[in-house]
Amino acid sequence: MAEGHLLHRAARDMTALLVGAPVRVTSPQGRFAAGAAEVDGRSLDAAEAWGKHLLLAFDAGRVVHLHLGLAGTIARVSSPDAPPRPQARARFAGDRAAFDVYAPATCEVGDRALRDRVVARLGPDPLRPDADPERVWAGLRGRADPVGAALLDQALVSGVGNVFRAEALHLVGVHPARPSRDLTRAEFEALWATLARVMRQAVEDGRIATRPGGRRPSEARWVYKQGRCGRCGGGVEEAVIGGRTSYACPRCQPRRQAAPLVRS
DNA sequence: GGGTAATGTGGAA
DNA sequence: TCCACCTTACCCA
């Protein structure tokens with residue numbers, strides 16, 4: 001259940017709690033036993049997130065690559081001596097904390113070239129300071145597919161999942177069915193800034209809560225899985241866009257762009 | 001207790 | 001476009 005924010009949160013916490021010292025790496029559940037043995041006891045040099053991927057650089061050029069897929073989770077454990085649940089695919093334990101990985105789609109070990117191959121497939125990540133939004137703008141202008149589909153394409157922009165897509169498009173008033181290339185420059189700039197803001201906030205919170213004041217988690221979003229729009233109260237529209245269910249308010253996110261200002 | 005969608009992705013058809 | 005896969009949560013009976 002992870003969009004990019006959870007990987008960045010894990011990278012941040014691992015940097016603070018594990019990097020710079022040897023890490024005990026095990027596979028309680030067993031399926032990562034061989035990989036764990038390759039890095040167990042090595043010093044962790046860096047923990048980095050890019051999109052929905054987590055890359056752990058150990059000494060001797062060994063790299064662990066994690067992707068949580070649909071069901072995976074990473075749990076931070078403050079007492080590293082407490083035993084993990086037996087289903088944990090991997091445990092990374094330092095002196096002050098441990099991180100347990102459950103149900104990842106990918107959990108593998110490679111060399112530095114593995115890191116480069118992973119990153120080469122990914123577009124700019126709004127959570128990374130080195131992200132270049134102009135690359136995303138250029139990409140959008142060449143696409144006829146719905147912007148809601150484009151936002152889920154990790155090669156165009158990485159780290160955005162179904163919740164960030166729905167919430168960011170709502171916040172900027174853009175309907176997910178709008179063709180990518182029809183977005184105005186102003187709409188794109190607002191979209192990029194909004195993605196960066198809500199994703200950064202989600203790293204802080206450890207959850208995606210875009211709507212202030214919502215008490216229960218189910219109320220913390222404007223349109224995602226909401227029957228009614230949190231802004232205007234109108235019905236939320238569901239449609240499959242880019243292979244996933246999209247959520248939008250047709251009143252706050254008009255399906256048609258305003259008519260061009262200049263017409264011959 | 002079964003069925004299935006889910007904050008995801010890659011590969012086959 | 002469909003299906004498989006990782007696991008859990010929620011729906012239904």
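To find a chain, count down the sequence lines: A is the first, B the second, and so on, and within it residues start at 1.
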From [options], nucleotide with atom closest to [X] side chain:
| X | options | answer |
| --- | --- | --- |
| A:Gln154 | C:dT7, B:dT9, B:dT7 | B:dT9 |
| A:Arg85 | C:dT8, B:dG8, C:dC6 | C:dT8 |
| A:His67 | B:dG8, C:dC6, B:dT7 | B:dG8 |
| A:Arg31 | B:dA6, C:dT7, B:dT7 | C:dT7 |

Given side chains that start at C-beta, do those of A:His170 and A:Tyr224 come closer than 4.5 Å, heavy atoms only? no
If the threshold is 4.0 Å, N to carboxylate O, is there a salt bridge linking A:Asp205 and A:Arg207? no
Between [N] ([atom2]) and [X] ([atom1]): distance, integer Å:
| X | N | atom1 | atom2 | result |
| --- | --- | --- | --- | --- |
| A:Glu238 | B:dT7 | CD | C1' | 15 Å |
| A:His5 | B:dG8 | NE2 | C1' | 14 Å |
| A:Gln87 | C:dC5 | CD | P | 20 Å |
| A:Leu68 | C:dT7 | CG | C1' | 12 Å |
| A:Arg244 | C:dT1 | CZ | C1' | 16 Å |
| A:Leu152 | B:dG10 | CG | P | 13 Å |
| A:Tyr102 | B:dG8 | OH | P | 21 Å |
| A:Trp50 | B:dT9 | CH2 | P | 16 Å |

Can you find a side-chain donor-acceptor pair between A:Glu237 and A:His175 that sits under 3.5 Å? yes
No-hydrogen, no-angle side-chain donor-acceptor test under 3.5 Å, A:Asp145 and A:Ser180: yes
Pick base, sugar-phosphate or nothing for [X], based on heavy-atom distances below 4.0 Å to the nucleic acid.
| X | answer |
| --- | --- |
| A:Glu167 | nothing |
| A:Arg9 | nothing |
| A:Arg121 | sugar-phosphate |

Give a yes/no answer on whether the side chain of A:Lys52 brings an N or O atom under 4.0 Å of OP1 or OP2 in B:dT9. yes
Compare side-chain N and O positions of A:Arg89 against OP1 and OP2 of C:dC6 and report whether any pair is under 4.0 Å apart. no
Using the [atom1] atom in both, what is the distance from [N] to [M], to the nearest Å?
| N | M | atom1 | answer |
| --- | --- | --- | --- |
| C:dT1 | B:dT7 | C1' | 23 Å |
| C:dT8 | B:dG10 | P | 23 Å |
| B:dG1 | C:dC6 | C1' | 22 Å |

Side-chain donor-acceptor distances from residues 116-127 of chain A under 3.5 Å, at least two apart:
residue	atom	partner	partner atom	Å
A:Asp125	OD1	A:Leu127	N	2.8
A:Asp125	OD2	A:His8	NE2	2.7
A:Asp125	OD2	A:Gly51	N	2.7

